[in-house]
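Accompanying notes for the structure given below.
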Amino acid sequence: MAEEKINKELFNVSISPHIRSKESISKIMWTVNITLLPAALFGAYYFGLNALMVMVVGVLSAVLFEYLVQKIRKKPITIADGSAVLTGLLLTMCLPPTLPPYMAAVGSFIAIVIAKHAMGGLGQNIFNPAHIGRAALMVSWPVAMTTWSSMTTSIDVVSAATPLNMLKQQGYGALIDTFGSAGNMYQAMFLGFRNGSIGETCTVLLILGGLFLIYKGYVNWQVPVIMIATVAVGTWAFGGLKEFGTLFSGDPIFHMMAGGLIIGAFFMATDMVTIPITKKGQIIFALGAGILTVLIRLKGGYPEGVCYAILLMNCLTPLIDRFVQPKKFGVRG
Amino acid sequence: MMKSFRGGIHPNDSKSYTADKPVVTAPLPGKAIIPVQQHAGAPCAPIVAKGDLVKKGQLIATTDAFVSANVHASISGKVADIGEYPHPIFGTCTAIVIENDGQDEWVEGLPLKRDWQTLSADEVRKIIREAGIVGMGGATFPTHVKMAPPADKKIDVFILNAAECEPYLTADHRMMLEEGDRIVTGVKIMMKTLGVTKGIVGIEDNKKDSIEAMTKAFAGTGVDVVGLPTKYPQGAEKMLIAVLTGKEVPSGGLPMDVGAVVSNVGTAAAVCDAVTQGIPLIERVTTISGKAIKEPKNILVRVGTTFSDAIDFCGGFVSQPEKIILGGPMMGTAQSTIDLPIIKGTSGILAFAEGEANTGVESPCIRCGRCLDACPMGLNPSMLSILGERDLYHEAKEDYALLDCIECGSCVYTCPAKRNIVQYIKYCKAQSRAQSAAK
Ligand code: SF4
Ligand code: SF4
């Protein structure tokens, strides 16, 4: 370049450092979206067209609402960063496959407009927006939100209940009968061939996706492991109490794969915005979410408790962050 | 493998531009702009006047203050001006401008020959003080002050900081390969002055050849040469001491609180020159690099040479530089002009081409926790940045150990939200300083 073309006074001046990693919010968000996709596609394949429509409508409306909110408030439009897509996807993966798709749009509205932007936007929200959206739908349309697909689970049993529902209402024996045997049940639940919310059933794909996030460093492995382990131990110890009258007669394998635990533990209890920022804090969070899940499942009115357990722990996040700080260099104790 | 410090980051070290390039001597500048303050501490006052003729190595500015460093003429010639000039650290500063007479003549009596072994510790301290030697890694703390720790601080280890953990910079790397003898002598002098028998040289293991060269050079001296895992900020004093001695400098404390004195490679060579030959600190090795520089080089250059002269010596720019940085990319300061003098602490000058700085738009914190994992001081940079944004510097200082931050930039490097955490921290520190001053 010719000397005279160089402008010697117009340099960019800013505070150090002057180099940065390639990591970005959109890279993180899109990676999470992609890791969720296999389990979502499985849900569409297994539950059929309506399930697909619920997810498509939920995701598109989440993006649209984010665009509108930011447009109206004259803020930079950030729909390309993948976080609205993620909220829509997570929300709809936790909805029943038979839900009328417009309700998914309402859920996205609540998640994006109220739970996210009214709280200050990405990073400021205390609660996981997807969970708030789901909880709001639960209150607004309790029947639609608890109506499940009618499907054949074993050779000749047609049922329109989720495994957790069945356990709560008919007991463990009836549950096993539905699947034929405990082995059959575990296999079906591992592969995703069971009733439930659209994206929560396929344990194996969700775990693979979660492992990828751990490998990428977007998730601390302690969170899903501790939350799931806590549920396993809790349900094993107390899960069979009512039915069999003894401690340690519950079925932890069933409980680990039932309901929204796997998707919740890997993808929602790890939502960085709404969980504690330190590893130590996250461990407390995971433990608490696990304990609350067990309490709700075994003692509460709802058959499933993952969503509420995580929401309750979200409330405690600021408190945990206040008291659990990293260990400072050069400070004893 | 050595035990490492907690936190830290692994940026691309970008050292290959200059790592294999031997140090070349830059031509003498037509005029040298020599600021009277090039160090941490009290400024000096000029003792020459406009129109005076000065020789290379002549004292031209000094002060009685203990924490300060003398300033010498780096070339011979006429004092053309004494006035306010742009300064790479302080914005502007009084500087003595010397017009080169082309003679490059030493001041009377220099260089001399002196056997350092016969000198007492106090004599060495006096020589180092007179020679105006400062920490040449960039902190520019006067070396004679480090050499005179208070009586109640027992020093038991001398550490030569040869980590050179800042990306791009290779001046220390090259010096270790080319100037082993001077470095060894400098280290021996400093160890004797401090009365310590234990010496350690810490080098990041991305400089295998330097480790080898130093191991050879220090053979038989009892000084250990240690390869350190390459991780930024390995060269931060506190991290270096922790890794080499297992001791953590307490919050708010100094290396001497754990019995350590740390000095840098260039400084050791300067001490050698001053003590054995009476030569004051008037030149240094510095790295000129970055994608906008035509031929990146390690150059031996006189203090007061301008950035623009040095860059011309490296073939000038190949493209419009987006950023000019004094020092390394992690802790260096961006400059608005290249009409600035190279000073004692200038470890490098970088000219970044478009895109090399990889900035990005700042967005709110998504609480990903990466900055906490990266912070070598165990702080909560996310919180510090949020408090800074809201002007809550008091809380930052009291509850989040604001003052412990070493401004290493690891948090910013790793932040996916591209938050300018160090900027908020510097702002908070300035605010809280201003507030305590007002009290
Ligand atoms: S908070 Fe300070 S010490 Fe910690 S990583 Fe950031 S700049 Fe470095
Ligand atoms: S790295 Fe950036 S986004 Fe992540 S917690 Fe720290 S400040 Fe927030």
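Quick note on labels: first sequence line is chain A, next is B, and so on, each numbered from 1. As a basis for the values below, the full set of heavy atoms in this structure was taken, side chains included, without hydrogen atoms, waters or symmetry mates. None of the values given here were measured: they were computed from a predicted structure.
- For B/Ser14, no part lies near chain A; criterion is any non-hydrogen pair under 4.5 Å.
- Side chains of A/Pro17 and B/Val422 form a contact here, defined as non-hydrogen atoms less than 4.5 Å apart.
- Salt bridge annotation for B/Asp399-A/Arg322: present, with a cationic side-chain nitrogen under 4.0 angstrom from a carboxylate oxygen.
- Of the two parts of B/Pro364, the backbone and the side chain both hold a non-hydrogen atom closer than 4.5 Å to a non-hydrogen atom of chain A.
- Of the inter-residue distances, the one linking B/Cys365 atom SG with A/Ile277 atom CD1 reads 5.0 Å to the nearest 0.5 angstrom.
- Proximity to chain B is limited to the side chain of A/Lys279, based on heavy atoms less than 4.5 angstrom apart.
- Using a 4.5 Å cut-off between heavy atoms, A/Ile25 touches chain B through backbone and side chain atoms alike.
- When heavy atoms are compared at a cutoff of 4.5 Å, B/Pro376 approaches chain A solely by way of its backbone atoms N, CA, C and O.
- With sequence neighbours left out, the salt bridge (Lys or Arg N to Asp or Glu O under 4.0 Å) criterion links B/Arg6 to no other residue.
- Annotation: B/Lys153, atom NZ; neighbour count of heavy atoms from other residues, nucleotides and ligands within 6.0 Å is above 12.
- Proximity to chain A among residues 324-332 of chain B is limited to B/Ile324, B/Ile325, B/Gly328, B/Pro329, B/Met330, B/Met331, B/Gly332, judged by heavy-atom separations below 4.5 angstrom.
- In this structure, A/Ser14 and B/Ala334 approach most closely via the heavy-atom pair O-CB, 3.5 Å.
- The greatest number of non-hydrogen atom pairs below 4.5 Å with chain A, out of B/Glu356, B/Met377, B/Gln335, B/Met383, is found for B/Met377.
- Contact of B/Ser251 with chain A is made through backbone and side chain together, with heavy-atom distances under 4.5 Å.
- For chain A, the nearby part of B/Leu372 is the side chain; its heavy atoms alone come within less than 4.5 Å.
- Using a 4.5 Å cut-off between heavy atoms, A/Pro276 contacts chain B through its backbone alone, with no side-chain atom that close.
- A donor-acceptor pair is defined here as one N or O able to donate and one able to accept, closer than 3.5 Å; such a pair exists between the side chain of A/Ser21 and the backbone of B/Tyr413.
- Remark: the backbone N or O of B/Cys415 is not paired with any side-chain donor or acceptor of A/Arg20 at under 3.5 angstrom.
- For A/Lys328 against B/Glu248, the heavy-atom pair with the smallest separation is O-OE1, 4.4 Å.
- When the side-chain contact (heavy atoms from CB on, under 4.5 Å) test is applied to B/Val249, the partners found at least two apart in sequence or on another chain are B/Lys238, B/Ile241, B/Val258.
- Heavy-atom distances place the side chain of A/Thr317, and not its backbone, under 4.5 Å from chain B.
- Residue A/Asn12 holds its CG atom at 11.5 Å from CZ of B/Phe352, rounded to the nearest 0.5 Å.
- Every residue meeting the salt bridge (Lys or Arg N to Asp or Glu O under 4.0 Å) condition with B/Arg370, not counting sequence neighbours, appears here in chain and number order: A/Glu23.
- Inter-residue side-chain proximity for B/Asn420 and A/Ile15 is flagged as unmet; no heavy-atom pair is nearer than 4.5 Å.
- Atom NE2 of A/His18 sits about 6.5 Å away from atom OG1 of B/Thr333, to the nearest 0.5 Å.
- Enclosure of atom CD in B/Glu295 by more than 12 non-hydrogen atoms of other residues, nucleotides or ligands within 6.0 angstrom is indicated.
- For chain A, no part of B/Ser410 is nearby; none of its heavy atoms comes within less than 4.5 Å.
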